[in-house]
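Right, one structure below, let's go through it.
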Amino acid sequence: METLNSLTPELWRLLLAIIGIVVVVFGNALVMGYLERKLAGHFQCRTGPMEVGFHGILQLIVDGVKLMGKQLVVPAQADKKLFMLAPMLSFAPVFLPLLVIPFSDKLQGFDLDVGLLFILAIASINVLAILVGGWGSNNKYSLFGAFRSVAQNVAYEIPMLIALLAVVFMTNTFSLRGIVEAQNVWFVFLQPVAFLIYLVAMVAETNRAPFDLPEAESELTAGFHTEYSGMGFSLFMIAEYTNMFIVCSIATVFFLGGTSGIPLPYFEYTGALWFFAKVYLLMFFLVWIRWTYPRTRFDQLMNLCWKYLIPFSLINLLITVVVVKL
Amino acid sequence: MNTDVLQDERHHRFILNMGPQHPSTHGVLRVLLEMEGEYVTELEPVLGYGHRCHEKIAEYKPAKSFMPNTARMDYLGALIYNHGYAQLLERAAGIEVPRRAEFIRVIVSELNRVQSHLLWLGAYLLDLGAFTPIMYSFDDREQILDILEDITGSRLTYCYMRVGGVCKDIDDKFVSRTRAFIDRLRSRYPIYEELVNGNIILQKRLKEVGDYTPELCARYGVTGPLLRGTGVAYDLRRAEPYSIYPEFDFEIPTETRGDSWASYNVRYREIEQSLRIIEQALDKLPEGEFLAAKVPKKLKLPAGDYNSSVEAPRGELSYYLVSDGSDVPYRLKVRTPSYSNLSVVPEMCQGMLIADVVTSMGALDLVIPEIDR
Amino acid sequence: MKAYFTDLFTGAWSLIVGLKVTFKALISPVVTVQYPRVKNEVTPNYRGHIDLVKDAETGSHRCITCGSCMRECPSGCIVVDGEKREGVKGKALTVFTLDFTKCSLCGACVEVCPTQALDYSQEYELAGSAREDFHYDLLKRVEERE
């Protein structure tokens, strides 16, 4: 990027990156919210939102206004500080991983050498937010949701990391830019097992169906965000959609070649279009899964992780290491 | 199922209230769960939130006027409740029903049964977290409701049957629409089988959850698809035949395992058997009257006790009438299947995970208004 | 051990088959009817609240104020009253009201009427803000209908 001010070019760049990321976060929440409701409708043989704007395009904006206008109710005898803290704790860290994701060759906030570890570390703050929210609600249902979420998230980080480690072993770097550049052939063809394991772990990490026990509607009446109304709820939702975006971007970077695709003019910048296309394809896949499958039971979820995903990911890692060494 | 947890100290436990307003208790049922972590140690259903005094209402209205109330007791099996009550009064007053009316009654009752099972399937899957099969099953159910609306005039709480027959005749349009519907539903089976029945997540949720044995069923008086899931082929349409059911050829689906998966499968296969009955009835439909000729306006029931039992979608439905000679009953007792089915739950659900409580209660197919009446 | 792998593969295959079903639903047309912009046809046999039938020959209702419907109604929602007028055999109808908040659409009144003066309407778009909105004056309705 041309330096606009010779004094602190790096700071200008970072500032523009942060502004861009805020746009991405809120834009993604708007687009994904609308897409999810429209797709949910069409999967169920009905239309989604149709009233507000042409085919309901303005629905999310109206929803945002409505949620902002709602009364912020704190339940009696709830820990008020913790209750208010939880949505903020969930929402604030989602901006950071987006700084290190390479949207295109020149569009990246900051290329950390340990980009992957940074992202995974930040993503696990979400668990803390859910726990704080569940505890602070003074509601047994919310507490249930919080317990389940902690166990689920902690368990599924392991196969996620091991599957990604297999790719890291092949490219010898944690930096996301390095991984994108090392993909002459997309890694999804070289590491299909890791891709599948990562897909399943990705669904579990973002608390989406069929692993959405923390917010299991019909058993726990909305789980950990039962007591939140208005802005608190919308912060949780934006955080969830952004988490989905982040894990899908990691999948794109690691397995689908990042920004690689048919070259367009100004590819250093327009490569981001390919990136977004791949990310949104994976997000469509997430929405598709949500509206197809029933919920797993909690112990079956843990069974799946410990008995199926971890053995296969470890074997995959072993085979990768052996092949790379040879 | 975890039985060690039942021996632990009681002071670890807490009480969770699945209150009258809950997404998966279908109706106003309150369930008090005593829990140890995620395991349920004791379960107590609290009833009465929907009590509307139907049996008392029957004691001061003429017996014929009670017909709309029967539909409100179980809104999903309204025509079958109508049928049972009409049969009761016909047995009491000694009125014979013309053959065409019997055929019409069987056709609409079986359509009602299919509609009830389709709704149960969708709602059960909604409890389990699958949001789309309910829309597909409601799509099929709408076809049935449109067909029934054309002859009965109502979509849910029918008051179609009268003492001595039905109140309106069916025509060729009904016959052709019903046949078209049967073909359409049969073509939709692959959707249910592929999306729902074959799904590994659903099978793991339902298999070996909520075990009950024929002895448990006998102790509490459980009937219907639940009992048939344990292997006992007890169906009132065969065991105590009424109306013209002996003339039809249909199977009684049974399973042996006695868990939620078994009762799920029994109900799913019953849909096909009901379609078979409807087809045979449409083929054999005779001409004739649809209402018995001489039914007195003031229907005096001779003094004595009368009973009528029919196979409702949820089990055995019985009406018991005590009459003192006038046209107003002295006492009407309605034995509804969901009341007995619910009684199994405290014993069945000890030591279960809370998610399994939802699963097994959904497999019972409870309709709370008929428990509370 | 064998069960482990068969479970895995049949399970994974069933999941993919399920995805195919919802994808097919995604690309098929929706079944929603966007009411109130598009209205479904209501069958003429639909049971709305009862109305007095306007006889084609005489141009007015056929009620003879016998009161059978009032007696037969299980919910007691019909009030029929008449007065003696000269030139009219029996009573002339002066009051015919229906309290629709209590009606259970059982059809007893329609079936018991000796002159078939009552029939169901097809009104289903009923919304009101007070209970009195559903106390229908059927005599006035039949006189105002063309």
Between [X] and [Y]: side-chain donor-acceptor atoms closer than 3.5 Å:
X: C:Tyr35; Y: C:Glu125; answer: yes
X: B:Tyr264; Y: B:Glu255; answer: no
X: B:Gln115; Y: B:Asn112; answer: yes
X: C:Tyr46; Y: C:Glu123; answer: no

Side chain / backbone / both / neither for [X] at chain C, heavy atoms under 4.5 Å:
X: B:Asp139; value: side chain
X: B:Arg155; value: neither
X: B:Thr157; value: neither
X: B:Lys168; value: side chain

With ring centroids as reference points, do C:His49 and C:Tyr136 lie under 6.0 angstrom apart? yes

Counting the benzene-type ring for Trp, do B:Tyr85 and B:Phe66 have ring centres under 6.0 Å apart? yes

Most chain C-contacting option - heavy-atom pairs closer than 4.5 Å, from B:Arg162, B:Lys64, B:Gln203: B:Arg162

Heavy-atom pairs under 4.5 Å with chain B - which of [options] has more of them than the others?
options: C:Pro74, C:Ser75, C:Ala25, C:Cys73; value: C:Pro74
options: C:Ser104, C:Gly18, C:Ala108, C:Pro44; value: C:Ser104
options: C:Leu19, C:Val42, C:Leu15; value: C:Leu15

Once you measure the plane-to-plane angle for C:Phe134 and C:Phe100, does it fall in the parallel (<30°), tilted (30-60°) or perpendicular (>60°) bin? tilted

Taking side chain as everything from C-beta outward and backbone as N, CA, C, O, which of these in C:Leu105 sits under 4.5 Å from a heavy atom of chain B? Side chain, backbone, both or neither. backbone

C:Lys20 versus chain B, the contacting section by heavy-atom distance below 4.5 Å: side chain

